Amino acid sequence: MARFIVRRVLQMAGVLVVLSLLLFVWLRSLPGGTVSAILGERATPSRRAALEAALGLDQPIYVQYLKFVQRALQGEFGASTAVLPGEDAFQIFLGRLPATIELSLLAMLIAVSLGIPLGYWAARRRGSVLDSGAVIFSLVGVAVPVFFTAFLLKYFFAVQWQLLPVSGRQDASIDATRVTGFFVLDGIMTREWDAAWDAFLHLLLPAVALATIPFAVIFRITRASVLDTMDADFVRTAEAKGLSTKVIRGRHILRNAMLPVVTTIGLLVGALLAGAVLTETVFSFPGIGQALAESIRDKDYPVLQVLILAAAAIFVIVNLFVDIAYAIIDPRIRTR
Amino acid sequence: MRTTRKMASVAVVGALALVATSCAESDRGEGDGSGGGSSTFTFGAAGAPEMFDPLYATDGETFRVTRQMFEGLLGIEPGSAEVVPELATEWTSNEEGTEWTFTLRDDVTFHDGEPFNAEAVCANFERMFDQNEAGQVAAEYWGYVMGGFSNDPDSSLYQGCEAAGEFEAVVTISRATSGFPTMLTLESLSMQSPAAMESGDANGIATEGEGFSFPEYAQAPVGTGPYTFGEYDEANQTISLEANDDYWGDAAKTDNLVFRVIPDESTRRQELEAGSIDGYDLPSPADWSGLEDGGNSVEIRDPFNIFYLGLNPEANPMLKDLKVRQALMYALDREQLVQSQLPEGAEVATQFMPSTVSGYNSELEAYPYDPEQAEQLLQEAGAEGMTLKFAYPTEVSRPYMPDPQQLFEALRTNLEAVGIKVDVQTASWNGGYLDNVTAGKYDAYLLGWTGDYDAAFNFIGTFFGNLKENDFGTEVMPWGKQLADDLQSADGIVDEAERATAFETINQQIMEDYLPGLPISHSPPALVVGPDVEGVIPSPLTAEEFDTVSVGGE
């Protein structure tokens, strides 16, 4: 088992190195970049040359890449040029991470707590008007792009009816103590209830927007899975044995139907990150997604590199855990 | 049984949502600048500031914040571009215009309690002059106006500073220039506390990867202005400043000044409409009337910019012929463009600078729209049916060109109407457009300039004063050197009236004899504030100071 894990970790490191190289070369092959972003209309050739020389952009690409790797190994990923100029790119990632986690967690909570019960409920009423309605609703949920949902929610709930805040993480007038960077948690820990509540309200609309696709997916998987399970032989057997409806539904149907649902929830983590880019942009919510969008727009290479590599690392690590879990369950995997 | 429990949980979620929204509503009714009087002015910023040491800053979002905390020796009259006393009450020069004596205010202290005096002034100049390698690149404005740093004193305009008395500082420069002392109104050249700069290692800037890492000081700078630095809450993207209780001038009207970073323009508008910010900059001209209908005030600044169609004769030799360039000028229906594409208050340009700048030639008349004349000139030049590689930038909106694509389309239609074939080129602003313009890849392109301070040289000197380094390709033109020399010598004239006349003459030559590019228009950029906000004085330099602003009648 240990050997298996070591092998997978080495593979993972290799994937990240290759990715970093591709990313580095690709970004620098695009037109424009740091110099134009910093100098704007003032970009005379000599000023441009001075800035390029100061930032080492005049050196061959492989030299630049080797320097990048050398610094990265020492934990330095370069200073941001646009998103938070001067701040170390990795610090920006760490600083923005809590916002995105807070948002994604709430979105996932909404998606799961509505998707599973509704899916189960719809399956039990298969073919009814309500079931068809729920299925259509979930189809729409999957089909409509996140930014559009986000835009509509913002327009109605924040702008037209002014029920919830338009954007941001917390009202500027609130003097909140920062402990963990998770605003709601910070408010609870420091007993600044106003701050916690305000941060929660700021989370609501983006979280609902971000939840639509995971909700629709979870709903459909749950519904399909419950339907399958209801028809399964072991359920019929249980019924024949005269077990109570409660036991059949709870222990047999729901528990078994949950397996694919749980797998799906794991896979949805990636979709949440992608959705966060759009949702955070619409709600000016300062998380990783917004930083990613900004760094792309402003050609903030250091930040862009860190964020993409971090996203890839998270993905690879999640996969590693999944593989390890499979290997534990099914020993045949280890020998492959 | 199970159904009722499920129903109950749905009801709980619903109730929670209701509570949430109703509380949100009550929260928004009070405080935050929308209710009955507020001691906070909240402004929506489009981007995060670079940091807070103006010396190393280059962008408007940073300057907007630092401007409230720092002051220069010279200031700008609110609402105009005129130079007025700020930390210096008087300034005089020797006859050669190379030695400038500044009489300082004697009642000023920095936010950290340190006295402001001639020694502090010289400490500031020496600090700006003596930058390390990274600092020399980052201190862009000093490099731009002063030409060099302590490692290369020969190319530096600045030569030295001496405290002649406690409140009298003498600054020596290498040659007379129209830019000095006007350039001291630049935000980057503001006065900062020498003690704070020393303890915070203000000059400790370094390159880190592809960017700069700034010293501790840049995150907590110390000036003399009406507001002091409060806090930069990076996680929440807000910057708060507090009123300076010991300010030498009139105290700021609000106790707190908050900047909220909201990158998306439509979100800024919605935040204003929801009352959670009190204003934001550069509302899209398309939104102006809608915003005013909502009770907000759109504050229109006097235009202090120039939008032009740049020409590059190096890329297209046909453009070397004055007749061809004149033909292009006659072909453009600029009046129509200004009426239909640009915001209210925009004007057709008669030269490469706005009318408020000294040296503007009011005798010049705009080239009229005359397509027949254009066709005839093209014919005379043997350039009928010529092809022009003409470019515009995407993903950008500048004060002088709110919507580049629309403007481009209008101009292109004009050019095609006189038989010119337009080869449309485009690139995103940071994604190659500026690079391509500088590299001379386009025959013609759209670009512009917003003045840094009130000086003719800051406009036409920037465009044509440096023969080797301009986007207009004047190097290949027979008159290019003459023009650059004329500009340099006009810039060195000490007598103001004489200098203005010299620049007026040059402006006439530029428009009649050279026409290196086609000036199009001057557009007024606007900022918008909510119904409760009073006291905003729109600045042509987009350099508003917010200490005069009150919210909700307070």
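Per chain, numbering begins at 1; letters A, B, ... match sequence-line order. As the structure is a computational prediction, the values presented were derived from the model and not from experiment.
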Identify which of [options] forms the greatest number of heavy-atom pairs closer than 4.5 Å to chain B.
| options | result |
| --- | --- |
| A/E76, A/R96, A/R28 | A/R28 |
| A/Q290, A/R48, A/Q64 | A/R48 |
| A/F68, A/F183, A/F283 | A/F183 |
| A/G95, A/A199, A/P286 | A/P286 |

Exercise for the section: Inspect the surroundings of CH2 in A/W193 and state if more than 12 heavy atoms from other residues, nucleotides or ligands are less than 6.0 Å away. Expected result: yes
Practice task
Flag yes if more than 12 heavy atoms outside A/F151 fall under 6.0 Å of its CZ atom; otherwise flag no.
Solution key: no
Nearest 0.5 Å please: distance from the [atom1] atom of [X] over to the [atom2] atom of [Y].
| X | Y | atom1 | atom2 | value |
| --- | --- | --- | --- | --- |
| A/R169 | B/Q237 | CZ | CD | 10.0 Å |
| B/D233 | A/Q170 | CG | CD | 8.0 Å |
| B/E234 | A/R178 | CD | CZ | 11.5 Å |
| B/E208 | A/S80 | CD | OG | 10.0 Å |

With a 4.5 angstrom heavy-atom cut-off, could you sort out which part of [X] is near chain A: side chain, backbone, both or neither?
| X | answer |
| --- | --- |
| B/R398 | side chain |
| B/A134 | neither |
| B/Q270 | both |
| B/D59 | neither |
| B/S213 | both |

Quick check on the interface: out of [options], who has the most heavy-atom pairs with chain A under 4.5 Å?
| options | value |
| --- | --- |
| B/T207, B/L434, B/N236 | B/N236 |
| B/N470, B/T462, B/N430 | B/N430 |
| B/T238, B/V396, B/T267 | B/T267 |
| B/Y144, B/W429, B/F214, B/Y56 | B/Y144 |

Handout entry: Smallest separation among heavy atoms of A/A158 and B/A274, with atom names
Key = O-CB, 4.5 Å
Practice task
Considering non-hydrogen atoms only, spot the tightest contact between B/P263 and A/E294 and give its length.
Solution key: CG-OE2, 4.1 Å
Do [X] and [Y] meet the criterion of a side-chain donor-acceptor pair at a distance under 3.5 Å?
| X | Y | answer |
| --- | --- | --- |
| A/S46 | B/K468 | no |
| B/E210 | A/T81 | no |
| A/S167 | B/R260 | yes |

Practice task
Below 4.5 Å from any heavy atom of chain B, which atoms of A/L57 appear? Answer side chain, backbone, both or neither.
Solution key: side chain
Handout entry: Interchain contact, A/K67 with chain B, by part (heavy-atom threshold 4.5 Å)
Key = neither
Handout entry: Heavy-atom check, side chain of B/T438 versus side chain of A/P45, under 4.5 Å
Key = yes
Handout entry: Heavy-atom side-chain proximity of B/R269 to A/V166 below 4.5 angstrom
Key = no
Problem - Sidechain N-carboxylate O distance under 4.0 Å for B/E140, A/R47 - result: yes
